[in-house]
Structures are given as C-alpha cells and as structure tokens.
Asker: 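Can you read through this structure? Questions will come right after.
Proteins get letters first, then strands, A, B, ... in listed order; numbering begins at 1 in each. Only heavy atoms go into these numbers, but all of them, side chains included; no hydrogens, no water, no symmetry mates.
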Amino acid sequence: MTAPETLRTRFAPSPTGYLHIGGARTALFNWLFSRHHGGKFILRIEDTDQMRSTDESTRAILDAMTWLGLSWDEGPIFQAERVEIHRAHVQRLVDEGKAYYCTCSQELLEEKRKQALAAGRKPKYDFTCRDRGLTRTPGSVVRFRCPEIGTTIVHDLIKGPIQFSNDELDDLIIERADGYPTYNFAVVVDDAQMGITHVIRGDDHVNNTPRQILLYQALGYAVPQFGHVPMILGADKARLSKRHGATSVMAYKEMGYLPEALVNYLVRLGWSHGDQEIFTMEELVALFDLDAVGRSAAVFNPEKLLWLNQHYLKAYPAELLVENLKPFWEARGYPVSDARYSARVVYDLQSRAKTLVELADSAAFYFADAVAYEAEAAAKFLTPETAPQLAAVAEALPGLADYSREGIEAFLRSFVEARGIKLKAIAQPLRVALTGRTVSPGIDEIMITLGLAKTQDRIRKAIAFVGRH
RNA sequence: GGUCCCAUCGUCUAGUGGUUAGGACGCUGGCCUCUCACGCCGGAAACCGGGGUUCAAGUCCCCGUGGGACUACCA
C-alpha cells in the first residue's frame, strides 16, 4: 500500500527582472493551493538564459516573495546548476531515437519561417535534419522528434480539457548550440524530478503544455496536473506592462502599500468566494482552491487596490503600523524615538490616509519643532480677532479636570457657548495654530496626542505670530 | 496566417435553466460633523450579436464578432 502522495507545487520565475504583479499572483495561487492541501511549495529559479539572468533579479524576487509572506518549503533551486541532468536526459532521448541533432542555421530557419508565413503555410520546422542521422558537432542543436499523428489532451484544472492535434506541434529544440536546455525541456525534467504534482502557471503557457506532455511521455515520467490561470491585463486590455504604471511588487511597498492589501487584491483577480472581498491569509488558506478560479483575463484596477490598502491601514493596530512606517519616517527625518507618541500619531492619522506615504507626509506637524503655517490658513484664521480666543483657550487648558478627548470636547463646547460663537469659530484657528493647516485630525485628538505642554506652546506661538503680522 | 483561450455594470466578480441579475471598487445624492477622513443611508450603471435546444437560457449547443496568448537556439 502506498501512502498518498503529498501535493507539490512550484513557482519558477526567470531572474531577468523584478517580481511583477502577474508573477506574484501566480506565486500566490501556487502557495495558497499547496497550503490549502497540506502540500509543499517549491521555488525554482529558471536561469538557463545566461545572457539575461542576474543575481540582483534573483535577490529582488526572493525579497518580494518574502515581503508578501510567500514562504517556500524547498529551494531556491537554480536551474542552471542542473544542466548536467538536463544533458543526460537529452542524451537519453537521442539514444532512444526520440531526439536528433540538427545543423540548420538560425538564419536559414528564419528565412524559411518568413517564406512559409508569406505563403500562408504554418511556420514549423521542415524536418530537414530529422532523418539524417547526424551526430553532435559544434553549433548543432538537439530537436525532439514530435509525433506527427494523434492528439494530445491537456486536462486543465481551470479551463477543462483542451485538445491539440500533434501535427500542429513542432520538432522543438530541446538543447541549444551552447549546450543549455531550452525552457520547454528544462521545465519538464525539473518538474518531473522535483516531483511536482500540480503545475499552476499563467495561461500564456497553455500552448506549451502539449509539447511538454509529449516530453513527459517520451521521458517516461508521470504527467502532472496542469492549471492555467488567466492573464492580468492593463486598462487597455493589453498584457500588463510598465506603461500601465507600476508592475513591480516592491514598487508597491515603496509607494506605501501593505503586503496584506496587495495579497488581498491579487487573490481576487481571478478567484472569488461568493461576495467576500476581505480575506485574511488564514481564511485564504482555508478557502482557496482551483475550482473557484475564473477563466477570463482580469484588468488590473489600481483604485481597488488603493481602497484595500486604506482598509488595512485603518484596521491595523497602530503599534504595528509604526513598524511599517519606520523607513518612511526615517526618510523624512522625523524624530521617532518615542514609540508611544508615534503610535498616537498613527492612531490619529490612519483613517485619513490611503498609503503609508500619505500617512507619513501628513504626520509632519506632529514631529516638527515649529509649526509651519500655510499662508492662506494663517491669513484667514490667525488674526487679531481670533488671537484673544486662542489666548483664552491656552490659559484655560491647564485648569481642565479631564484632559481627555471627552474633557476637551466638553470644554470647547462650553467655551464657545459662553462666548456665543460657533464651535468651528474656535476649532479652525486652533487647528491652524496646532498644525499649520486647515485640514487635520480632530482638534481633541491632536491636543491629546501633542499633550498639554506642546499644545499650549503652539497656541502661544500662534498668538505671537499674529502679533508680528 | 495557424493553433489555443476568453466574453455579466467602466473595473473586479456572484450566478451553475425559472432571480426585481447580487456584491465590491470607482462615480454620484444625502446624513453625521470642529476641517479632512472614517462611518451610515440612497442612486445611476451589465448578461457582445445571431441562430438553435427547452414550457423556460446570463446559464446548454453552433456560428459570428471582439479581446488575448502562443507560433524563438526567451521563459
């Protein structure tokens, strides 16, 4: 009796750039799928393109995955380190007559492709070298002998069965002249050897799948299950790219997005659970499965991501948000040594910001030594008429029995009542005195966070400011 | 050109033969209110087209149309 095989998924990016939105969603789906089913998630770096692969890209991808919370159980495994294994597999196919050497030049091939296209024929390899019985020579490549008859069916977990006629397929190159395997061959060998049971990837790979299935069969390996997730498009319905705005996961971190928001946004692109919009990671692990993944492409909608970010921002415990804010505050030179004060600041601001950047920007007045008054605000509210009122407030404040939000609120109400003025007649001058601006958190909130001393000090400085103008 | 995939509000989506076609973002009217947010209540907004099948079709089938992917010695 054999134990049930553990489910194994993988994410296999090529290190030719940062981790982008589409790749992140593919990784997320793989991660969630394996977690949901108690399987393993493997990370493999497909770096067989020696020209375009870089270590920086590898690092950037790993960083982005870590930031998103997509931990891997095995790897990273570097495909380029496995070339000997790939070559051995190629050799096996050659020995078994399932693959052959080809010496057609790229130029000639390109020429023939053009001609075929111009003549309205399908541009596939013309079998020139197929039965020449060539051996390895400098510059030769290895081609897979693809069956010319029969059909190959991809039983896609998301799209259902997809049928391909084998004669549509090609004698694809499996080993390049430089001795490195091509993508379609390396994935098959690696996925087979790593025991990948479920290949979940972008649906730009569906047309590769029948060739890969044929390779699995030629190699005598079990064919895994496939699930092709739809693409992510830009607003113009074209494949998402830089011209649609930020596509790098880490760019979103820098723009002040929370990983929870990005994950939540990404998972809803193509997957749903009834009407639910907000999911914790735990919920996702419990709920996610391929049967609820849609088949159609989705347009990336930055507004909704922003809304989710705002949602997480206001739902986050202030103390935790302080940690996320650190790099942004440091970049602005705020003195943030007092953790309690920082948390109070965040508490005041978190329902008023859509990103960490916005939050950090709006926190400036809390950390400034001297309030910088906006010209218009000062002109309108820091006047000889309001100065006496401000003075009266500053004077009364120390006598407050209850220096709390409620206490301050009550004080201000009785203050304006006694003077027969509206609350806003004192609130706006106070706001400008305290923050320099006409838009800010509530007066009571600010006064609490700032504390009595700073509050009085700022009011007095505002009065002095009036005297000077 | 060929092969393959896809098609519900502007966008993300629910829907699994019988619904006033639901939710969310965005937009918008109002309420709350010391400003700004938050929050709450309301509104406009969709089944690509044409044929079938069926008593009944957004849901099933076919054909169009539109979009996308692939068609490399990239992955």
Asker: Any strand is fair game: report the nucleotide pairing with G58(B) by Watson-Crick or G-U wobble, both distances under 3.5 Å, or none.
Answerer: none

Asker: Checking Tyr252(A) now: which residues fulfil ring-ring contact (aromatic ring centres under 6.0 Å, His included) with it, not counting sequence neighbours?
Answerer: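 If we apply the ring-ring contact (aromatic ring centres under 6.0 Å, His included) test to Tyr252(A), skipping adjacent residues, the hits are Tyr257(A).
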
Asker: Summarise how protein sits on nucleotides 65-75 of chain B as a single string, 5' to 3': B when a protein heavy atom is under 4.0 Å from the base, S for sugar-phosphate-only contact, - for no contact.
Answerer: ---SBS-SBBB

Asker: My understanding is that only residues two or more places apart in sequence, or in another chain, count here; which of them pass side chain to side chain donor-acceptor pair (under 3.5 Å) with Thr182(A)?
Answerer: none

Asker: Once side chain to side chain donor-acceptor pair (under 3.5 Å) is applied, do any residues pair with Ser296(A), and if so which ones, sequence neighbours excluded?
Answerer: none

Asker: Using atom names, set out every protein N or O paired with an N or O of nucleotides 39-50 of chain B below 3.5 Å, distance rounded to 0.1 Å.
Answerer:
residue, atom, partner, partner atom, Å
G39(B), OP1, Lys314(A), NZ, 2.8

Asker: Could you give the distance separating A7(B) and G43(B) at their C1' atoms, to the nearest angstrom?
Answerer: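 Pairwise C1' distance, G43(B) against A7(B), rounds to 28 Å.
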
Asker: Does the Lys NZ or Arg CZ of Arg44(A) fall within the cation-pi geometry relative to Phe11(A) - under 6.0 Å from the ring centre and within 45° of the axis?
Answerer: no

Asker: List in chain and number order the residues that pass side chain to side chain donor-acceptor pair (under 3.5 Å) with Arg87(A), two or more places apart in sequence or in another chain; answer none if no residue qualifies.
Answerer: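 With neighbours one apart ignored, the set is Glu84(A).
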
Asker: So Gly202(A), base contact, sugar-phosphate only, or nothing? Heavy-atom distance under 4.0 Å.
Answerer: nothing

Asker: Using a cut-off of strictly less than 4.0 Å between a heavy atom of the residue and any atom of RNA chain B, enumerate the qualifying residues of residues 298-305 of chain A by number.
Answerer: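 Of all residues in residues 298-305 of chain A, the ones placing a heavy atom under 4.0 Å from RNA chain B are Ala298(A), Val299(A), Asn301(A), Glu303(A), Lys304(A).
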
Asker: Looking at C5(B), A7(B), U35(B), which one has an atom nearest to any side-chain atom of Val439(A)?
Answerer: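 When the side chain of Val439(A) is considered, U35(B) is the closest of C5(B), A7(B), U35(B).
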
Asker: Starting at the 5' end of nucleotides 29-34 of chain B, put B wherever the base has a protein heavy atom under 4.0 Å, S where only the sugar-phosphate does, and a dash everywhere else.
Answerer: -----B

Asker: For Lys112(A), enumerate each residue passing the salt bridge (Lys or Arg N to Asp or Glu O under 4.0 Å) test, keeping only those at least two apart in sequence or located in another chain.
Answerer: Asp126(A)

Asker: Tell me which pairs pass ring pair (Phe, Tyr, Trp, His ring centres under 6.0 Å) where either residue lies in residues 227-248 of chain A, with sequence neighbours left out.
Answerer: none

Asker: Have a look at Glu277(A) and say if it touches a base, only the backbone sugar-phosphate, or nothing, with a 4.0 Å heavy-atom cut-off.
Answerer: base

Asker: Grab the N/O contacts between the protein and nucleotides 14-17 of chain B below 3.5 Å, and write none if there aren't any.
Answerer:
residue, atom, partner, partner atom, Å
A14(B), OP1, Ser272(A), OG, 3.0

Asker: Looking across every strand, which nucleic acid part, if any, lies under 4.0 Å from Tyr265(A) by heavy atom: base, sugar-phosphate, or nothing?
Answerer: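 Touches nothing.
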
Asker: Please determine if Arg419(A) forms a cation-pi arrangement with Phe415(A), meaning its NZ or CZ atom is less than 6.0 Å from the six-membered ring centre and no more than 45° off the ring axis.
Answerer: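 Relative to the ring axis of Phe415(A), which defines the angle, Arg419(A) lies inside both limits.
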
Asker: Go ahead and name the base partner of C25(B); Watson-Crick or wobble counts if both distances stay under 3.5 Å, otherwise write none.
Answerer: G10(B)

Asker: What I want to check is whether an N or O donor and acceptor connect the side chain of Arg352(A) with the base of C36(B) at under 3.5 Å.
Answerer: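 A donor-acceptor contact between them is present.
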
Asker: When the aromatic ring centroids of Phe288(A) and Phe29(A) are compared, is their separation below 6.0 Å?
Answerer: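 Judged by ring-centre distance (under 6.0 Å), Phe288(A) and Phe29(A) do meet the cut-off.
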
Asker: Leu258(A) and Asn309(A): which non-hydrogen atoms are nearest, and at how many Å?
Answerer: N-OD1, 2.8 Å

Asker: Side chain to side chain donor-acceptor pair (under 3.5 Å) with Lys242(A): which residues, sequence neighbours excluded?
Answerer: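 With neighbours one apart ignored, the set is empty.
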
